[in-house]
Amino acid sequence: MSTWSKRLLALLVTASLGQAAHAAEPEVTLKIHHQLPAHSVTQADLLEPWAKKITEASDGRIQFQFYPSMQLGGTPPQLVDQVRDGVADIVWALPGYNSGRFPLISAFEQPFMSTSAEATSQAMWDFIQKHGQKEFENMHLLATHVTDGALVHTTEAPIKTMSDFRGKKIRAANRTSTKLISLLGGTPVAMPVPQIPEALSKGVVDGAIVPWDVVPALKLHELVNYHTEMAPGQPELMYTAVIIAMNPDVYAKLPADLKKVIDDNSGLALSRQAGRLFDTQVVETGHELARQEGNEVYVLPVEEQQKWMKAAKLVENPRRRRLRHRPGHRQPAGPGR
């Protein structure tokens with residue numbers, strides 16, 4: 001091989017290596033912020049697999065950096081503003097923490113609406129896409145979903161009837177659960193999820209209405225002794241509505257092909273996937289942790305749940321009635337968990 005050929009080959013190899021190194025560097029690194037620990041189901045089983053899928057589909061051009069447990073600062077209710085203001089690129093957030101600001105999505109948090117998180121999550125995505133654009137302006141929605149159905153976790157005594165709520169201070173998540181606890185006979189104490197362990201350990205509350213999904217993250221099964229679930233095949237006590245949202249300016253600046261990668265892995269499909277995860281794996285894990293701890297999981301008889309549902313009718317707001325009776329709308333339905 002001539003000297004000229006060797007030099008040309010060396011240049012080609014160098015250029016090739018340079019291109020490979022350049023391709024391996026991320027074109028954008030997106031900051032994901034949320035309120036739960038890194039080992040929570042939300043990050044470990046939902047957000048991380050989703051992020052990995054997008055990274056692979058983009059050939060490494062999109063990377064993600066996680067900031068769990070509010071590591072970027074602020075409080076859980078502020079997440080919806082952080083994604084709008086650019087503090088975070090993507091958030092997993094509960095709009096219900098901001099009382100009155102997201103009335104449409106709060107319709108899906110009304111008591112005893114459905115038996116399936118998967119079906120409800122899909123219905124919520126479709127509804128918000130058609131009617132909630134103003135409610136979520138200045139953010140780019142990637143998915144909407146609900147957690148598994150909430151249940152009642154208590155420390156000293158199980159909740160088996162409505163009368164058992166009397167004299168009990170119960171953690172509430174939002175305005176809807178505050179009303180519900182009052183109607184059932186308890187005293188609601190509103191607070192974000194991260195404050196629950198300390199409130200239980202100090203006796204600030206006697207129990208909490210939360211889904212199974214926060215139990216492992218907060219080690220709630222070690223702080224309570226009783227868990228009260230709804231009757232099999234009956235509607236869940238209530239769901240918690242969640243959004244996965246992206247800063248619109250960050251999304252707008254992406255090249256068209258990277259936008260497509262994100263779009264192809266988000267939306268209705270991601271909403272459905274999240275709902276299914278909470279319907280199945282989350283509930284099974286919660287049951288197993290309660291069993292290992294020797295806790296009692298009490299399941300309401302249908303007759304008793306009917307009494308709760310009758311009381312809860314006073315919670316219902318006009319938006320839920322409009323949603324339910326909208327022409328062509330089907331009530332979220334599906335198999336019980």
Side-chain angles (χ1 to χ4, degrees), residues 20-95 97-98 102 105 121 124-125 128-129 132-133 135-145 147 193-194 213 217 241-275 277-278:
H22 178 73
E25 295 177 358
E27 192 164 320
V28 60
T29 299
L30 302 175
K31 297 178 292 185
I32 301 181
H33 199 204
H34 65 90
Q35 68 183 39
L36 296 176
H39 65 271
S40 64
V41 169
T42 291
Q43 180 167 324
D45 298 297
L46 176 61
L47 296 177
E48 285 184 1
W50 170 75
K52 181 180 179 181
K53 191 175 181 181
I54 288 178
T55 297
E56 291 175 349
S58 67
D59 294 325
R61 293 166 63 198
I62 302 177
Q63 301 280 351
F64 297 86
Q65 190 166 357
F66 285 87
Y67 294 88
S69 302
M70 302 303 299
Q71 289 178 359
L72 292 179
T75 62
Q78 294 172 332
L79 284 167
V80 292
D81 292 317
Q82 288 184 352
V83 77
R84 284 172 167 162
D85 298 339
V87 174
D89 299 317
I90 295 173
V91 298
W92 180 91
L94 281 61
Y97 282 163
N98 298 268
F102 300 93
I105 206 167
S121 297
M124 184 161 63
W125 174 263
I128 294 302
Q129 289 302 298
Q133 296 303 313
E135 188 160 298
F136 292 97
E137 61 185 355
N138 299 322
M139 67 173 72
H140 180 75
L141 282 182
L142 299 174
T144 62
H145 76 90
T147 62
V193 162
D213 85 281
V242 182
I243 61 170
I244 303 174
M246 186 173 180
N247 178 274
D249 293 332
V250 172
Y251 177 82
K253 292 176 182 177
L254 292 175
D257 61 329
L258 294 188
K259 287 179 183 176
K260 187 175 187 303
V261 170
I262 290 178
D263 294 345
D264 288 348
N265 291 280
S266 303
L268 182 63
L270 181 59
S271 302
R272 179 173 58 246
Q273 175 190 343
L277 173 70
F278 282 85

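- Using a 4.5 Å heavy-atom threshold, the side chains of L277 and H145 count as separate.
- Pairing each heavy atom of S271 with each of S121, the nearest pair is O-CB, 3.4 Å.
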Quiz item: Could you go step by step and tell me if M70 and L79 meet the side chain to side chain contact (heavy atoms under 4.5 Å, CB included) rule?
Solution: CA-CA 9 Å; M70 302 303 299; L79 284 167; 3.8 Å; yes
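- For the pair K259/I262, no side-chain contact is recorded, criterion being any heavy-atom separation below 4.5 Å from C-beta on.
- Formation of a donor-acceptor pair under 3.5 Å by the W125 side chain with backbone atoms of G267 is not found in this model.
- Side-chain contact between R61 and D257 is present, with at least one heavy-atom pair separated by less than 4.5 Å.
- The side-chain heavy atoms of P76 and L94, taken from C-beta on, include no pair separated by under 4.5 Å.
- Within the 4.5 Å cutoff, no side-chain heavy atoms of V91 are placed close to those of V80.
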Exercise. Quick one: do K53 and L270 satisfy side chain to side chain contact (heavy atoms under 4.5 Å, CB included)? Show the steps, please.
Key: CA-CA 12 Å; K53 191 175 181 181; L270 181 59; over 6 Å; no
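- With Q78 contributing its side chain and T75 its backbone, the two residues share a donor-acceptor pair below 3.5 Å.
- In this structure, the side chains of I244 and I32 stay at 4.5 Å or more apart for every pair of heavy atoms.
- Summarising the geometry, atom CG belonging to L47 is positioned 10.0 Å from atom CG belonging to L142; distances are rounded to the nearest 0.5 Å.
- In this structure, the side chain of T29 does not engage the main chain of Q63 through any donor-acceptor pair within 3.5 Å.
- Qualifying ring pair (Phe, Tyr, Trp, His ring centres under 6.0 Å) partners for Y97, counting only residues two or more places apart in sequence or in other chains: none.
- Between N265 and W50 the shortest heavy-atom distance is O-NE1, 3.0 Å.
- Residues P194 and Q35 meet the side-chain proximity criterion, which asks for heavy atoms closer than 4.5 Å.
- Across V87 and K31, no two heavy atoms sit closer than the pair O-NZ, 3.5 Å.
- Considering only residues two or more places apart in sequence or on other chains, E135 meets the side chain to side chain donor-acceptor pair (under 3.5 Å) condition with none of them.
- Between F102 and R84, the closest heavy-atom pair is CE2-NH2, 4.1 Å.
- Taking the six-membered ring where tryptophan is involved, the planes of W92 and H34 are perpendicular, since the angle between them exceeds 60° and thus also 30°.
- At least one donor-acceptor pair closer than 3.5 Å links the side chain of T55 to the backbone N or O of I62.
- Smallest separation of non-hydrogen atoms from A245 and L141: CB-CD2, 4.1 Å.
- Looking at heavy atoms from C-beta onward, Q129 lies out of side-chain contact with L268 at the 4.5 angstrom threshold.
- The side chain to side chain donor-acceptor pair (under 3.5 Å) test applied to Q82 returns H33, not counting sequence neighbours.
- The two residues D249 and N247 make their nearest non-hydrogen contact at N-OD1, 3.0 Å.
- Atom CG of D45 and atom CD of Q273 lie 10.5 Å apart (nearest 0.5 Å).
- In this structure, the separation between CG on L36 and OG1 on T42 is 5.0 Å, given to the nearest 0.5 Å.
- Here CD1 of I90 is found 13.0 Å from CE of M139. Values are rounded to the nearest 0.5 Å.
- Separation of atoms CG (L30) and OH (Y251) is listed at 12.0 Å; rounding is to 0.5 Å.
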